[in-house]
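Excluded from the calculations below are hydrogen atoms, water molecules and symmetry mates; all remaining heavy atoms, backbone and side chain alike, are included.
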Amino acid sequence: MSLEEWGAERMQDPEFVAALAAREPAYQVARLRILRGLTQKQLADMVGTKQSSIARLERGTTPPNLSFLSKVAAALGARVEVRLSSVDETVSAQA
C-alpha cells in the first residue's frame with residue numbers, strides 16, 4: 001500500500017479526521033514559528049510565557065486556550081480563525 005493510499009484510507013475514518021483537525025493549531029504554530037526562524041524559547045519570550053508552554057501547544061495533546069493562542073498568533077504575525085460546523089455536516093461531507 002502506498003502512502004497516498006494509506007492517507008486516503010485514513011481520511012475515511014471520522015475519528016482520524018477529528019484527531020487530525022484537533023491538532024491543526026499545533027501544526028500551524030510550529031510551522032509558522034519555524035518559517036520565521038524562531039526557537040520555542042524565542043517565541044515564548046515574545047509571548048511572555050515559558051518555552052514549555054510553547055512546546056505543549058505544539059504537541060497538540062490538549063486543546064489550546066483561545067486567549068493564549070491569540071497571543072501566540074499575534075507574536076507570529078498571524079491571526080486565529082474559528083469555524084463552527086455541525087457534526088452532521090462534517091460526517092456527510094466525508095461520505
Side-chain angles (χ1 to χ4, degrees):
M1 175 182 289
S2 72
L3 179 60
E4 290 79 20
E5 292 169 331
W6 178 84
E9 184 178 298
R10 296 300 292 164
M11 293 306 286
Q12 299 304 312
D13 178 357
E15 288 181 28
F16 178 82
V17 172
L20 188 63
R23 287 184 168 70
E24 182 67 15
Y27 167 76
Q28 292 301 332
V29 167
R31 184 183 71 79
L32 289 171
R33 177 184 59 77
I34 292 166
L35 281 173
R36 288 173 178 47
L38 298 170
T39 65
Q40 288 181 343
K41 172 76 169 107
Q42 289 169 324
L43 179 56
D45 290 344
M46 292 169 70
V47 174
T49 192
K50 296 179 181 178
Q51 177 273 332
S52 59
S53 296
I54 301 298
R56 278 193 303 276
L57 175 61
E58 289 185 2
R59 265 195 307 273
T61 53
T62 58
N65 174 292
L66 188 55
S67 174
F68 180 64
L69 189 57
S70 294
K71 289 177 186 177
V72 171
L76 291 169
R79 69 177 184 269
V80 175
E81 296 178 358
V82 177
R83 183 179 65 115
L84 299 177
S85 61
S86 167
V87 174
D88 295 339
E89 292 172 13
T90 304
V91 171
S92 65
Q94 297 167 9

Residue list, side-chain contact (heavy atoms from CB on, under 4.5 Å) with [X], at least two apart or on another chain:
X: Glu24; result: Tyr27, Gln28
X: Gln40; result: Arg33, Gln51, Ile54, Ala55, Glu58
X: Ala26; result: none

Quiz prompt | Cluster check Ile34, Leu69: I/L/V/M/F/W/Y, side chain < 4.5 angstrom | solution =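 Result: no, two separate clusters.
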
Quiz item: Are Leu66 and Leu84 grouped together when hydrophobic residues (ILVMFWY) are joined by side-chain heavy atoms under 4.5 angstrom apart?
Solution: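 No; tracing contacts between hydrophobic side chains, which count when under 4.5 Å, never links both residues.
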
To the nearest 0.5 angstrom, please state how far the [atom1] atom of [X] sits from the [atom2] atom of [Y].
X: Met46; Y: Leu43; atom1: CE; atom2: CG; value: 6.5 Å
X: Glu5; Y: Arg10; atom1: CD; atom2: CZ; value: 15.0 Å
X: Leu76; Y: Arg36; atom1: CG; atom2: CZ; value: 6.0 Å

Practice problem: Under the side-chain contact (heavy atoms from CB on, under 4.5 Å) rule, what do Val72 and Val80 come out as? Steps first, then yes or no, please. | Solution: CA-CA 9 Å; Val72 171; Val80 175; over 6 Å; no

Self-check item: Counterpart residues, side chain to side chain donor-acceptor pair (under 3.5 Å), relative to Thr49 (two or more places apart)
Solution: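 Thr49: side chain to side chain donor-acceptor pair (under 3.5 Å) contacts with Ser53.
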
Exercise. Among residues two or more places apart or on two chains, list those pairs meeting salt bridge (Lys or Arg N to Asp or Glu O under 4.0 Å) that have a residue in residues 70-81.
Key: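 Residue pairs with at least one partner in residues 70-81: Arg79-Glu81.
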
Practice problem: Using salt bridge (Lys or Arg N to Asp or Glu O under 4.0 Å) as the criterion, list what pairs up with Lys41, not counting sequence neighbours. | Solution: Asp45

Quiz item: By the rule that ILVMFWY residues connect when side-chain heavy atoms come within less than 4.5 angstrom, directly or transitively, which residues belong alongside Trp6?
Solution: Met1, Leu3

